[in-house]
Amino acid sequence: MQRIHNYGSSLQSYSLRRLLEESGDGVDVSFIDYRAGDPLVASEEPSRPTGRTLAKIREYTSVKSSWADKLRFLNHKRNYGRQYFPSLGISPKHDFDTTVDLQIVGSDEVFNCVQSNTNVGFTRDLFGHNSNAGRLISYAASFGNSTLPQIEQYGIRASLSEDLARFDAISVRDQNSAELIEALTGAAPKIHVDPVLAYAGLLSEPRVPTGRLYKKDYVLLYGYPGRISSQEGAAVKDFARRINADVLSVGGIQEAADRFIDRSPFEILAYFRDAKAVVTDTFHGTILAMINSVPFVTLVRRSTDGGYGNEQKLLFLLDTFGLKDRELSDLNRLNQLLSEPLDEAAIHRRLSKERHEAQKYLARQLHETQAR
């Protein structure tokens, strides 16, 4: 998922690469691309690339934000790959060659097979189908909100079981994905944290600015374009005004934001670090607030509400780190939660344990590959 124009996808790809490079001597890491398949779920998106682009532009410009922000965001999406992929080690040209010693599938929602996104669809590439690798494993892979009934409904259970049976080791990042792997293979996988959590050196990377990039105090909004509702945004603005702070949005334009910020993935880490508080409805937005020890709330989007749901991965993440109370289910609690510091010591203890398990798993997989 390294070519997705999204900070979470970029940082998890880069972090996994760095984890591998630090796990063994002489490890040469490169990215393999997948071929998108036809979605199993009916999509309202046009099938042709030009039509999809125009539909996205209409979607983005319909958000109630300033035209300056809309233009900044359109330029952000248009230039993302050209500007930021080189620093992440992602080549301009796609590479589909799986003739490698070790192929690792993941992290991110690489196993999310029942979705309407035409940039992914259902592709067996993401399950290692026809891989020419010496060994095939996954790391912290996720099925997203795909479920076993959906997999059976669309008649892909047998093909998934066949592909997953070829893996030498399987690692996932949430309980829903673990249960699906066990149902499809008969064996329980390892559960590991996302690479952004596992890679301890991310915040100290040389490309992360050490100084503030925005002088005034600010509350950071991180969500897909327009997904923070007017009611949610009003609560955020009220909190920000109480503490004499601006509201900045990253990742997507939002009605409640005073300004949309277009910066590199490494600069965005600095924006999280220096924020007074973070409001997000994304998995990686939650992670970036956690590792920077910034007070945050997470808006969990449930599939029962209609549209895309992220409750499986987000609720498991919050529960893993003892942060279930950071789910904002009542807007009246926003001011209180954003004013309360995180329990850094408790988060650090769990993070140290999870990082040790992640490093041990990857080191073992590299050792077994080199021993072949």
Side-chain angles (χ1 to χ4, degrees), residues 1 4-15 59-60 63-65 69-70 72-73 76-77 80 84 108-109 144 194-197 202-203 208-209 212-214 216-237 239-240 245-301 308-311 313-315 317-318 321 323 326-328 331 334 337-338 342:
M1 298 286 178
I4 303 295
H5 292 183
N6 172 282
Y7 291 127
S9 296
S10 295
L11 290 171
Q12 65 87 15
S13 301
Y14 180 80
S15 295
E59 175 189 339
Y60 298 153
V63 178
K64 294 179 181 177
S65 63
D69 271 1
K70 290 176 182 179
R72 270 192 290 271
F73 182 66
H76 166 78
K77 297 299 270 188
Y80 190 99
Y84 305 139
D108 224 330
E109 295 189 17
D194 184 270
V196 177
L197 286 167
L202 183 60
L203 299 184
V208 178
R212 288 182 65 94
L213 299 178
Y214 193 85
K216 189 177 177 183
D217 286 345
Y218 59 89
V219 175
L220 201 62
L221 272 179
Y222 185 28
Y224 288 98
R227 207 160 68 172
I228 306 297
S229 71
S230 296
Q231 187 179 14
E232 291 163 349
V236 174
K237 291 195 82 164
F239 172 77
D246 288 346
V247 178
L248 304 182
S249 66
V250 296
I253 47 176
Q254 307 294 343
E255 179 183 347
D258 295 305
R259 182 179 176 86
F260 169 76
I261 300 298
D262 176 14
R263 292 294 190 117
S264 76
F266 296 103
E267 290 170 320
I268 287 304
L269 290 170
Y271 269 93
F272 271 87
R273 179 196 65 212
D274 296 328
K276 299 297 290 185
V278 171
V279 177
T280 184
D281 66 352
T282 73
F283 183 79
H284 283 104
T286 302
I287 286 176
L288 295 178
M290 281 172 48
I291 62 176
N292 281 287
S293 301
V294 177
F296 73 92
V297 293
T298 299
L299 298 154
V300 177
R301 308 302 187 188
Y308 180 78
N310 58 14
E311 65 267 36
K313 60 182 182 181
L314 267 177
L315 293 176
L317 172 67
L318 292 172
F321 287 89
L323 294 167
R326 291 285 162 171
E327 178 193 356
L328 185 64
L331 286 177
L334 182 139
L337 289 172
L338 293 184
L342 302 182

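These figures come from a predicted structure and were not determined experimentally. Residues take their numbers from the sequence shown, with the count starting at 1.
In plain terms, the two heavy atoms of S264 and Y7 that are nearest each other are C-CE2, 3.9 Å. Between A270 and L213, the shortest heavy-atom distance links the atoms CB-CD1, 4.1 Å. In this structure, D281 and R227 approach most closely via the heavy-atom pair OD2-NE, 2.8 Å. Residues S13 and M1 come closest through the heavy atom pair OG-C, 4.4 Å. Taking both residues in full, the closest heavy atoms of G8 and N6 are given as N-OD1, 2.8 Å, listed atom of the first, atom of the second, then distance. Residues L331 and A235 share a closest heavy-atom pair of CD2-CB, 4.2 Å.
Judged purely by atom type and a 3.5 angstrom limit, E255 has no side-chain atom pairing as donor or acceptor with the backbone of S65. Judged by distance alone, with hydrogens and angles left aside, the side-chain atoms of K70 form a donor-acceptor pair with the main-chain N or O of V63 at under 3.5 Å. In terms of modelled atom types and a separation under 3.5 Å, the side chain of D258 and the main chain of V247 share a donor-acceptor contact. Although no hydrogens or angles enter the test, the distance criterion places no donor-acceptor pair under 3.5 Å between the side chain of R72 and the main chain of I261. Side-chain N or O atoms of N292 include none that pairs as donor or acceptor with a backbone N or O of V294 at under 3.5 Å.
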Evaluate L299 against T280 for side chain to side chain contact (heavy atoms under 4.5 Å, CB included), listing each step before the verdict.
CA-CA 6 Å; L299 298 154; T280 184; over 6 Å; no

Would you check, one step at a time, whether the test side chain to side chain contact (heavy atoms under 4.5 Å, CB included) holds for T282 with N310?
CA-CA 8 Å; T282 73; N310 58 14; 5.8 Å; no

Would you please test D262 and F73 for side chain to side chain contact (heavy atoms under 4.5 Å, CB included) and show each step?
CA-CA 7 Å; D262 176 14; F73 182 66; over 6 Å; no

Full working for side chain to side chain contact (heavy atoms under 4.5 Å, CB included) between L202 and L269
CA-CA 9 Å; L202 183 60; L269 290 170; 3.8 Å; yes

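The aromatic rings of Y80 and H5 lie parallel to each other, their planes meeting at an angle below 30°, with 60° marking the opposite boundary. Taking the six-membered ring where the residue is Trp, F266 and Y14 present perpendicular rings, their angle passing 60° and hence far from 30°.
A donor-acceptor contact under 3.5 angstrom links the side chains of T298 and T286, judged on distance only.
The CG atom of L317 lies 5.5 Å from the CE atom of M290; values are rounded to the nearest 0.5 Å. Taking NZ of K64 as the reference point, atom CG of D69 lies at 16.0 Å (rounded to 0.5 Å). For the atom pair CG (L221) and NZ (K237), the distance works out to 10.0 Å, reported to the nearest 0.5 Å.
Using a 4.5 Å heavy-atom cutoff, the side chains of V300 and L315 are in contact. Contact of the K313 side chain with the E109 side chain is registered, since non-hydrogen atoms from C-beta on lie closer than 4.5 Å. Side-chain contact check for K276 versus Y218: every heavy-atom pair is 4.5 Å or farther apart. By the 4.5 Å heavy-atom criterion applied to side chains, L338 and V279 are counted as neighbours. Taking the side chain as every heavy atom from C-beta outward, L248 and Y214 approach each other to under 4.5 Å. Counting only heavy atoms from C-beta outward, the side chains of F296 and L288 never approach each other to under 4.5 Å. Between Y224 and Q254, every side-chain heavy-atom pair lies at or beyond the 4.5 Å cut-off. In this structure the side chain of L197 reaches within 4.5 angstrom of the side chain of I291, judged on heavy atoms.
Pairs of residues two or more places apart, or lying in two chains, that qualify as salt bridge (charged side-chain N to carboxylate O under 4.0 Å, His left out) and include a residue from residues 265-275 are R263-E267. Applying the ring pair (Phe, Tyr, Trp, His ring centres under 6.0 Å) test to pairs two or more places apart or on separate chains, those with a residue in residues 272-291 are Y222-F272.
Ionic pairing of D246 and R259 is not present here: no N-O contact between side-chain nitrogen and carboxylate oxygen is shorter than 4.0 angstrom. Between E232 and R301 there is a salt bridge, since a side-chain N of the basic residue sits under 4.0 Å from a carboxylate O of the acidic one.
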